[in-house]
Every structure is written in C-alpha cells, then in structure tokens.
Amino acid sequence: MSATVRTAPSAVSHPAAASRSAAAAPEPHALRLAVIVGSVREGRFGPVVAEWFAREAERIGGFATVDVVDLADHRLPLVFPGSAGETDAETARISAALSQRLHAADAFVVVTPEYNHSFPASLKNALDWFHTEWQAKPVGFVSYGGVSGGLRAVEQLRQIFAELHAVTVRDGLSFHSAWERFDADGLPRDTEGTSAAAAAMLRQLRWWADALHAARARAPYGRQG
C-alpha cells in the first residue's frame, strides 16, 4: 500500500453560528490522524480494514487529515544501532520518513491482527524504533482475527503504549472472523454497527487529541523527575 494522506471535508455551518463560535473560542487546531497498518505478511487482511476505517474517519469528520501509514512501506531492520552508532543510508532514510509522518500526527489508530496470542513483530519493531513521536498523544485500536477478534493483541498494546507515554482510549473496534465480516468491496456487512463503533472511538480520540495538543503547545512534554 502506498502512502496515503487524505484531507477530510470541512463541515458546513450557518454564518451566524460560526461567528458566535469564533468569538467564544480560538480557532481549533487542524488535527491529523494516522492510521497504522501493523501487519506486513503476505496475503494480509489489514489493508482492507485500514482503508475502510480511514474512509469512515473522513466521513465522520473531526480530523483535518487522515494518513494511512502502512508499515510494509517502511521496512526497518530488527537490529537497532547502538546508543552512539550510525545506521546505513537506506535505514536512515526509512526511519526519517516514518518519523516525520508519526511526528505530524496528533492521534493514532493502530490496525492490528492477532498472531499467536499477541500482535505482529513488525508492529513492535516500529514502536521500538521511535520514542517522542508517540508521547502525549492518544491511540485507538481496530483489531481483527479469529474467535478473539484480536482483543488479546490490543490488551498487550495498551501496556506498551503506556510505557511510551501515550494515552489509549477505551472504545475500539474488533472484527471476529474478519474475513467473513467484510464483503467483496471491502465494506463491513454490519454497516450500521461498525460505523457507530467507529464514531464512538473517533469522538474519544478527537477529545484527547485536542486536549493533548493544547497541553503540548503550552509546554513540551517531558518526564517528571
């Protein structure tokens, strides 16, 4: 999947109401959402789920841009450089490109399957390569799999994002037997239920993204000693 950055349609409001809102509050920040495809295996189902969710996020609104970040397009090595080490030119290029997209995001949605009671190694590798990119930002989850629907992967990811100083939102989406839940056009068969669940998570993400962006603007996030 190639890199995809979408611009969400702007909401239309009555001029008088817009004027009152502008007088009551400052212009809101144009928040950016990054949807991360966590699996890189051949024949993966993740892009189907991620593309559907990205379209839902655009339709529902609340984020100015929706960027689909496919880890298959950013192949980082499993061997990390030492604290004073240098990476080769290609690794440096890949790392810088992915870092830029993660830094630009105000919120994340991680799309993950469940492999052997956990999440993909490709996703853990990407999390470990970066630090400040995740800090003081909200994270939501869309999981998929067999009977468990990827929920066990999400529970483990919540612990890791807490260590990375990110905030995970309560609500999420889980697709049990995911390949049966989507039609040939890549759309969920339960359109109403999945759209409602997506909207609920996006509302929480938007609230946290707005609050944490304002907090980062007041003072850079840092560890408190």
Side-chain angles (χ1 to χ4, degrees), residues 1 33-57 59-60 62-63 66-72 102 105-130 133-183 186-209 212:
M1 179 189 296
L33 174 66
V35 178
I36 300 174
V37 186
S39 172
V40 300
R41 72 190 286 178
E42 293 183 3
R44 63 207 170 122
F45 194 68
V48 174
V49 181
E51 284 292 342
W52 164 77
F53 184 83
R55 292 191 297 268
E56 279 295 287
R59 184 187 65 81
I60 293 169
F63 289 92
V66 180
D67 182 16
V68 178
V69 180
D70 191 341
L71 296 184
L102 298 178
D106 294 291
F108 304 103
V109 168
V110 176
V111 178
T112 182
E114 182 176 316
Y115 296 166
N116 299 320
H117 215 96
S118 187
F119 53 91
S122 53
L123 181 52
K124 183 61 163 66
N125 190 46
L127 294 176
D128 290 344
W129 265 91
F130 304 101
E133 289 85 348
W134 312 111
Q135 290 181 352
K137 296 178 182 179
V139 183
F141 300 101
V142 178
S143 64
Y144 60 95
V147 175
S148 72
L151 291 175
R152 294 174 294 200
V154 170
E155 287 306 306
Q156 294 180 31
L157 283 166
R158 289 186 186 279
Q159 299 177 60
I160 294 169
F161 274 108
E163 180 64 19
L164 293 171
H165 295 250
V167 178
T168 60
V169 300
R170 178 190 180 277
D171 288 0
L173 285 84
S174 174
F175 292 99
H176 305 253
S177 300
W179 46 91
E180 299 175 2
R181 305 294 179 183
F182 285 77
D183 62 22
L187 300 175
R189 299 185 188 280
D190 178 15
T191 303
E192 184 177 351
T194 52
S195 293
M201 183 175 72
L202 285 165
R203 282 194 298 270
Q204 294 176 13
L205 272 176
R206 168 72 197 204
W207 190 95
W208 279 105
L212 290 173

Exercise. Do the side chains of Y144 and F182 get nearer than 4.5 Å, heavy atoms only?
Worked result: no

Exercise. Any side-chain heavy atom of I160 within less than 4.5 Å of one from K124?
Worked result: yes

For this session: Would you mind reporting whether E51 and V37 have side-chain heavy atoms less than 4.5 Å apart?
Result: no

Problem set entry | Check: F175 main-chain N/O paired with R181 side-chain donor or acceptor under 3.5 Å | no

Problem set entry | Contact check, side chains of L187 and R55, non-hydrogen atoms, under 4.5 Å | yes

For this session: Provide the full list of side-chain hydrogen bond (donor to acceptor under 3.5 Å, both in side chains) pairs with a residue in residues 187-196, sequence neighbours left out, each pair given once.
Result: E56-S195

Problem set entry | Approximate separation, where rounding is to 0.5 Å, of S118 OG and E155 CD | 11.5 Å

Exercise. Do S174 side-chain atoms and L151 backbone N/O form a donor-acceptor pair below 3.5 Å?
Worked result: no

Exercise. Do F63 and L202 come close enough that some side-chain heavy atom pair is under 4.5 Å?
Worked result: yes

Problem set entry | D70 and R44, any side-chain heavy atoms less than 4.5 Å apart | yes

Exercise. If only atom types and distance count, is the side chain of R158 paired as donor or acceptor with the main-chain N or O of V169 below 3.5 Å?
Worked result: yes

Problem set entry | Inter-residue atom distance R206.CZ - D106.CG, 0.5 Å rounding | 9.0 Å

Exercise. Does a side-chain heavy-atom distance below 4.5 Å link L102 with I36?
Worked result: yes

For this session: Taking the side chain as every heavy atom from C-beta outward, state whether P138 and L212 have any atom pair closer than 4.5 Å.
Result: yes

Seminar exercise, completed: Distance col, row F161:CZ vs T168:OG1, nearest 0.5 angstrom, shows 9.0 Å

For this session: List in chain and number order the residues that pass side-chain contact (heavy atoms from CB on, under 4.5 Å) with S148, two or more places apart in sequence or in another chain; answer none if no residue qualifies.
Result: E114, R152

